[in-house]
Amino acid sequence: MARVITFHYSMSDSSGNLIYSSEGKEPLAFIEGIGQILPSLEAELGSMNQGDKKHLELAPEQAFGPHDVNKVLEVPREQLPPQEISMGDQFQAGPDNPPLTVTKLTDTHVTLDGNHPLAGVDLTFELELLDVREATEEELEHGHVHGAGGHHH
Ligand code: ZN
């Protein structure tokens with residue numbers, strides 16, 4: 001039987017800059033074994049018991065992958081839609097591709113980065129396991145958690 005694991009976490013980069021924290025928000029919940037969260041994070045949480053807290057450090061290879069220079073492209077300005085373009089804007093190149101983020105702008109060219117925004121980043125996690133329970137038939141059918149940290153429908 002698959003389990004549902006509910007946890008709070010905060011995520012920082014190696015300089016200690018907070019990227020996300022679920023503190024004061026709804027916790028995250030996932031069904032084990034179907035790839036809903038990072039495999040390395042899932043393995044760690046799967047070995048914890050209710051109430052456990054853990055500090056976890058992940059290299060990019062264990063998290064969102066190394067930064068791949070082949071996914072960075074510089075395109076002439078006129079190849080993009082004729083709208084105002086700003087740093088951080090995202091473009092969708094196709095339904096199965098990750099979004100491209102504008103990382104550099106010149107008068108003539110735009111640099112687009114197709115890497116995950118956290119690719120190449122060393123991440124530090126503070127984990128707190130709130131609850132472990134069996135997944136219900138309905139959750140397994142839907143492929144997502146119901147209730148706290150999941151879908152409400
Ligand atoms: Zn559902």
Side-chain angles (χ1 to χ4, degrees), residues 1-73 80-81 83-103 110-153:
M1 263 308 260
R3 300 185 299 168
V4 166
I5 297 178
T6 306
F7 66 107
H8 267 305
Y9 76 105
S10 65
M11 177 169 73
S12 310
D13 64 21
S14 56
S15 316
N17 299 309
L18 186 69
I19 297 165
Y20 181 81
S21 173
S22 64
E23 202 187 314
K25 303 187 186 90
E26 213 178 333
L28 205 75
F30 68 98
I31 300 172
E32 252 188 327
I34 59 172
Q36 292 191 313
I37 64 168
L38 286 177
S40 47
L41 207 55
E42 177 164 338
E44 200 65 37
L45 288 159
S47 71
M48 290 166 63
N49 298 309
Q50 196 165 333
D52 282 357
K53 291 183 180 185
K54 210 162 210 172
H55 173 90
L56 178 68
E57 290 177 18
L58 296 180
E61 290 70 22
Q62 302 168 288
F64 295 97
H67 189 266
D68 182 357
V69 291
N70 294 315
K71 291 182 185 166
V72 180
L73 43 145
L80 291 164
Q83 68 200 45
E84 189 88 27
I85 294 177
S86 314
M87 289 287 286
D89 282 357
Q90 294 196 323
F91 292 92
Q92 197 67 43
D96 298 325
N97 296 320
L100 300 165
T101 306
V102 175
T103 55
V110 178
T111 302
L112 297 168
D113 191 338
N115 285 285
H116 186 282
L118 294 174
V121 178
D122 288 300
L123 295 171
T124 300
F125 288 88
E126 302 299 337
L127 305 171
E128 181 183 1
L129 199 122
L130 300 175
D131 186 59
V132 182
R133 63 172 171 83
E134 296 292 329
T136 65
E137 293 280 332
E138 195 185 37
E139 285 175 323
L140 293 173
E141 234 168 72
H142 289 197
H144 56 230
V145 176
H146 292 161
H151 285 241
H152 302 275
H153 66 106

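Quick note: numbers below take in every heavy atom, side chains included, and nothing from hydrogens, waters or symmetry partners. In each ligand, atom 1 is the first atom listed, and ligand 1 is the first ligand listed. Since we're looking at a predicted model, the values are computed, not measured.
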Metal site angle (apex the Zn ion (ligand 1)), NE2 from His146 and ND1 from His142, 10 degrees: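 The two atoms subtend 100° at the Zn ion (ligand 1).
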Residues His142, His153; criterion ring-ring contact (aromatic ring centres under 6.0 Å, His included); working and verdict: CA-CA 11 Å; His142 289 197; His153 66 106; 5.2 Å; yes
Exam field: side chain Ser40 to backbone Gln62, donor-acceptor pair closer than 3.5 Å: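 Between the backbone of Gln62 and the side chain of Ser40 there is a qualifying donor-acceptor contact (under 3.5 Å).
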N, O or S from His151 under 2.8 Å to the Zn ion (ligand 1):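 No - counting backbone and side chain alike, His151 has no N, O or S atom under 2.8 Å.
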Glu126 with Lys53: basic N within carboxylate O range, under 4.0 Å: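 A salt bridge is absent here (no side-chain N lies under 4.0 Å from a carboxylate O).
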ring-ring contact (aromatic ring centres under 6.0 Å, His included) evaluation trace for His151 with His146: CA-CA 5 Å; His151 285 241; His146 292 161; 7.2 Å; no
N/O/S atom name from His144 that is nearest to the position of the Zn ion (ligand 1):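 Looking at His144, the N, O or S atom with the least distance to the Zn ion (ligand 1) is NE2.
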Atom name, His153 (N, O or S, nearest to the Zn ion (ligand 1)):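 Distance check against the Zn ion (ligand 1) picks out NE2 in His153.
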